[in-house]
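As structure tokens, the structure follows; a few thoughts come after it.
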Amino acid sequence: AISNSTTRATGDLLDNEQMKTLRVIVARSSNSEILYNVKYSIEASETSKTITFSELTVNKAGEDFDFYAIANEEGFLNDNESLEGTSVSLANLYNRVLTGGFTVGATLPQTGYEKITVKPQTSGIQHEDMKLDFPAGKIQLTFVNETGKEVNLTNVKVPSVAPNQAYLFYHGQTPSGTTPTDDVDFGNITVPIGTESSPTTFSGGYQYIYPGAAGEGKYKLTAKWDSKGFGELLKT
């Protein structure tokens, strides 16, 4: 649940997690002047995206530019809010704090920021890669039933771990005043019959969670089974 590309698990993305739109904003680092603010639609068949800016004038020694990439902006914008134009406050955008969490099935944004030194090109094109991060992690439960009977679990949750806010852009830390007090609640789950020789693998669903700071503690899954309480430490 830490928003960092080196720790994020790999796997197939759900449809609401796929990149549908991509906005790229380019500004001079020296004065935050926005030079480009363009939005693209991403086709389902696209597995990569190359964007060319052919008219960036730079100093002879090279010049720093701020590149902001925002995918699926509709996942966090308020009603009547827009990122169009050259008057967008980049400081406010970069430091934007999200609250309220993401519900199951909600469109998930992705964001990336890089300060890139652009140098004059005598031939060819300068290539740079940008990596985008989700502002939320995903906890997904999978149960393997070998008991020989149907298993009814109640009050399935990961208690007191969900941070109440997060940065839209990855800052390497949580916003000031963030508290991990909310439960990640999965409710009641019925796992179909399975045996030791023929186990049943069953998805108990998923929930999104804002990323917490590294080293904040361990996550524990708790549930009641036949009125008895159980807890299992999760690997993260």
Side-chain angles (χ1 to χ4, degrees), residues 1-10 13-14 16-42 48-51 53 56 63-103 106-118 128-139 162-180 182 208-216:
I2 297 173
S3 179
N4 185 311
S5 58
T6 61
T7 59
R8 185 188 310 140
T10 58
L13 297 179
L14 300 174
N16 61 295
E17 299 164 357
Q18 301 282 355
M19 188 182 297
K20 306 292 181 63
T21 63
L22 176 65
R23 180 182 299 278
V24 179
I25 301 174
V26 184
R28 292 189 190 276
S29 299
S30 58
N31 58 11
S32 298
E33 176 193 5
I34 295 177
L35 304 176
Y36 289 93
N37 185 349
V38 288
K39 183 180 180 182
Y40 303 87
S41 295
I42 308 298
S48 64
K49 189 75 175 178
T50 301
I51 300 169
F53 299 96
L56 282 178
E63 191 171 349
D64 288 341
F65 291 83
D66 295 323
F67 285 75
Y68 301 82
I70 306 107
N72 301 342
E73 59 193 55
E74 65 274 16
F76 67 88
L77 289 179
N78 299 318
D79 292 341
N80 301 320
E81 185 181 7
S82 174
L83 296 180
E84 296 288 345
T86 57
S87 60
V88 176
S89 172
L90 297 178
N92 289 344
L93 179 64
Y94 181 73
N95 291 301
R96 183 162 185 156
V97 174
L98 302 175
T99 59
F102 293 101
T103 60
T107 298
L108 280 195
Q110 301 172 46
T111 59
Y113 164 78
E114 292 282 348
K115 184 186 293 291
I116 297 173
T117 301
V118 178
E128 301 286 348
D129 293 331
M130 287 190 68
K131 185 170 290 187
L132 277 66
D133 284 302
F134 290 101
K138 180 168 63 176
I139 295 179
N164 60 344
Q165 57 184 1
Y167 283 115
L168 173 63
F169 284 81
Y170 179 63
H171 279 51
Q173 62 188 33
T174 56
S176 176
T178 301
T179 55
D182 297 333
Y208 295 119
I209 179 175
Y210 286 146
E216 278 190 339

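Hydrogens, waters and symmetry mates play no part in the numbers below; they use all other heavy atoms, side chains included.
Residues forming a side chain to side chain donor-acceptor pair (under 3.5 Å) with Asp182 (at least two apart in sequence, or on another chain): none. Listed by chain and number, the residues in a side chain to side chain contact (heavy atoms under 4.5 Å, CB included) with Thr86 are Ile34 (sequence neighbours excluded). Shown here are the side chain to side chain contact (heavy atoms under 4.5 Å, CB included) partners of Asn31, two or more places apart in sequence or in another chain: Arg28, Glu33. For the ring pair (Phe, Tyr, Trp, His ring centres under 6.0 Å) test, residues two or more places apart in sequence or in another chain that qualify with Tyr94 are Tyr113, Phe169, His171. For Thr179, the side chain to side chain donor-acceptor pair (under 3.5 Å) test picks out Asn164, with sequence neighbours left out. With sequence neighbours left out, Asn37 forms a side chain to side chain donor-acceptor pair (under 3.5 Å) with Arg23. For Ala166, the side chain to side chain contact (heavy atoms under 4.5 Å, CB included) test picks out Tyr210, Pro211, with sequence neighbours left out. Listed by chain and residue number, nothing satisfies the side chain to side chain donor-acceptor pair (under 3.5 Å) test with Glu74 (two or more places apart in sequence, or in another chain). Ser89 pairs by the side chain to side chain contact (heavy atoms under 4.5 Å, CB included) definition with Ala91, Asn92, not counting sequence neighbours.
A pairwise comparison of heavy atoms in Glu17 and Gln110 identifies O-NE2, 3.4 Å as the closest pair. The two residues Ala71 and Leu132 have their closest heavy-atom pair at CB-CD2, 4.1 Å. In plain terms, the two heavy atoms of Ser176 and Gln165 that are nearest each other are O-NE2, 3.2 Å. Minimum interatomic distance between Leu168 and Thr111 (heavy atoms only, all atoms of both residues): O-OG1, 2.8 Å.
In this structure, Asn72 contributes its side chain and Leu108 its backbone to a donor-acceptor pair below 3.5 Å.
Residue Asp64 holds its CG atom at 12.0 Å from CD of Glu114, rounded to the nearest 0.5 Å. Distance check, rounded to the nearest 0.5 Å: CD of Glu73 to CG of Leu22 gives 9.5 Å. The structure places NZ of Lys138 at 13.5 Å from CD1 of Ile209, a figure rounded to the nearest 0.5 Å.
A salt bridge (Lys or Arg N to Asp or Glu O under 4.0 Å) check over residues 164-176, counting only residues at least two apart or in different chains, returns nothing.
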In residues 96-103, what donor-acceptor pairs under 3.5 Å come from side-chain atoms, sequence neighbours left out?
from: Arg96; atom 1: NH1; to: Glu81; atom 2: OE2; distance (Å): 2.6
from: Arg96; atom 1: NH2; to: Phe76; atom 2: O; distance (Å): 3.4
from: Arg96; atom 1: NH2; to: Glu81; atom 2: OE1; distance (Å): 3.2

**Request:** Please report the C-alpha distance between Phe65 and Leu35 in whole Å, then the side-chain angles of each, then the deciding distance to 0.1 Å, and finally whether the side-chain contact (heavy atoms from CB on, under 4.5 Å) criterion is met.
**Result:** CA-CA 10 Å; Phe65 291 83; Leu35 304 176; 3.5 Å; yes
**Message:** Let's go through Asn16 and Thr107 carefully: what are the C-alpha distance in whole Å and the side-chain angles of both, what is the deciding distance for side-chain hydrogen bond (donor to acceptor under 3.5 Å, both in side chains) to 0.1 Å, and is it a yes or a no?
**Reply:** CA-CA 5 Å; Asn16 61 295; Thr107 298; over 6 Å; no
**Request:** Just do the side-chain contact (heavy atoms from CB on, under 4.5 Å) check on Leu13 and Phe134 with the steps written out, would you?
**Result:** CA-CA 12 Å; Leu13 297 179; Phe134 290 101; 4.2 Å; yes
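Looking only at side-chain heavy atoms (C-beta outward), Leu93 and Leu83 come within less than 4.5 Å of each other. No side-chain heavy atom of Lys20 sits less than 4.5 Å from a side-chain heavy atom of Ile42.
A 6.0 Å sphere centred on CG of Asn78 holds more than 12 heavy atoms belonging to other residues, nucleotides or ligands.
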